[in-house]
Every structure is written in structure tokens, then in C-alpha cells.
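This report concerns only the one structure given below.
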Amino acid sequence: MLARFKKSFTPSTTPSALLIIGKFDATIHVLHLLPENDTIERSSLTTPTSTTTFRHGGVTEQAREQIGAVTLHVGDGETADSFLDDVETRIRKRQNDSLSSSPAQLQIGSVEVTQLVQDFLQPAALDAIHEREERDRSIHATQTYPVFIVYIIRTRARTILTEPTSFP
């Protein structure tokens, strides 16, 4: 009887998406906009060289898309965190603009994950990338990092990174 119960029970999953900057065989910098409550969590994680899919704290990668690459002026003090600060600011501005132009619109927590990526996450990241492409090249060291949108499933609707650095 227990075996039959195990077969019929399937845990529910909750989809979401991450913005990741960096290579998957080193340290990556992660921004996660939780679809259910507008919280933005961020962290840096070191991934082993054998990693082919993102897995962390009950999260499993479903798909990955490289949306570009960003060149940071690391010799001038620019970091992946400052890039993610810029992306987060742009996401918040897009959210505020969206709410003010359509006050009856549902809050972002009710939006499908693909819509969340298309309306907020990807445009904010691409704007931040393009702004950096238009700058004059630094005379100091620069570093170019790939930027990915990673679609994930979570075992439940919750934060996934151990130390969120930003809240709504």
C-alpha cells in the first residue's frame, strides 16, 4: 500500500527565473526576482567545474539562455554586484512605471514567469548591458562576463539563496 502511495504522490513545483552573470565553472552572481511577492534576492555562488545544470537548495534548472555579455571596468572598481545593483534599480523602475500606467494591473506576483522575464528581468538586464557597451573603454582592467536567464523549478514558493541582499 505504501508503494502505491509513493507512486501516486508527486511533489508540486513552482517555476521561476534567475539572472546569472558569470561562467558556470567558477563564481556566478545570481539575481532572483520571486514571482510570488516581488522580493529580489541576490547571492554569489561557486559552481564546480562539473556543473552542467544549475542546482541549489531544492532548485533545478529547466532551461538556460545567454542573453548577452557585459564588460565591467574592474580596474575602476566596477563589480558584478554593481551591475546587479543597476539591473535591480531598472527592474524596480519598470515595476513602478507598470503600476502607475495601469493601476488595475495585477501585481508582479501573479504574473507568469515567462511574462516576468519578458517584461522586467530581461529588458532591465539588456538595458544595463547596452549602457555599458556605449561607454568609453577603460584604460584599466576590464572583464567580460556572460549573462544568462535561467528558468528553474523550485520545490515550493520561497527564497532559494541563503543570504538575500535586497528586499522590496
Inset, instruction - For Ser43 and Leu45, run side-chain contact (heavy atoms from CB on, under 4.5 Å): C-alpha distance rounded to whole Å, both residues' side-chain angles, the deciding distance at 0.1 Å, then the answer. - result: CA-CA 6 Å; Ser43 188; Leu45 307 168; 4.0 Å; yes
Check residues 139-146 and write down every donor-acceptor pair under 3.5 Å in which the side-chain atom is one partner and the other belongs to a residue at least two apart or another chain.
from	atom 1	to	atom 2	distance (Å)
Thr142	OG1	Arg137	NH2	3.1
Thr144	OG1	Thr71	OG1	2.9

Legend entry - Check ion pair Arg135-Glu78 (N to O, under 4.0 angstrom):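 Glu78 and Arg135: salt-bridged.
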Legend entry - Partner of Leu19 by side-chain contact (heavy atoms from CB on, under 4.5 Å), out of Leu31, Val117, Ile40, Val30: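 Between Leu19 and the candidates, side-chain contact (heavy atoms from CB on, under 4.5 Å) is satisfied uniquely by Leu31.
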Legend entry - Positive for side-chain contact (heavy atoms from CB on, under 4.5 Å) with Lys93, one of Ile91, Asn96, Asp97: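 Per the side-chain contact (heavy atoms from CB on, under 4.5 Å) rule, the option paired with Lys93 is Asp97, out of Ile91, Asn96, Asp97.
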Inset, instruction - Given side-chain contact (heavy atoms from CB on, under 4.5 Å), test Glu131 with Ile129 step by step and report yes or no. - result: CA-CA 5 Å; Glu131 181 179 280; Ile129 290 168; over 6 Å; no
Mind checking what makes side-chain contact (heavy atoms from CB on, under 4.5 Å) contact with [X], not counting sequence neighbours?
| X | answer |
| --- | --- |
| Asp127 | Arg90, Arg94 |
| Glu134 | none |
| Gln118 | Gln115 |

Inset, instruction - Test side-chain contact (heavy atoms from CB on, under 4.5 Å) on Ile28 and Ile21 and set out the steps. - result: CA-CA 6 Å; Ile28 58 172; Ile21 176 173; over 6 Å; no
Inset, instruction - Just jot down the ring pair (Phe, Tyr, Trp, His ring centres under 6.0 Å) partners of Tyr151, sequence neighbours excluded, or say none. - result: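 Expected list: none.
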Legend entry - Listed partners of Asp85 passing salt bridge (Lys or Arg N to Asp or Glu O under 4.0 Å), at least two apart: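 So Asp85 forms a salt bridge (Lys or Arg N to Asp or Glu O under 4.0 Å) with Arg42.
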Legend entry - For the student: nearest non-hydrogen atoms of Leu33 and Phe120, plus distance: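 Leu33 and Phe120 have their closest heavy atoms at CD2-CB, 4.4 Å.
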Inset, instruction - Ignoring hydrogens and angles, tell me if any N or O in the side chain of Glu112 forms a donor-acceptor pair with the backbone of Thr114 under 3.5 Å. - result: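 Here the side-chain-to-backbone pair does not exist.
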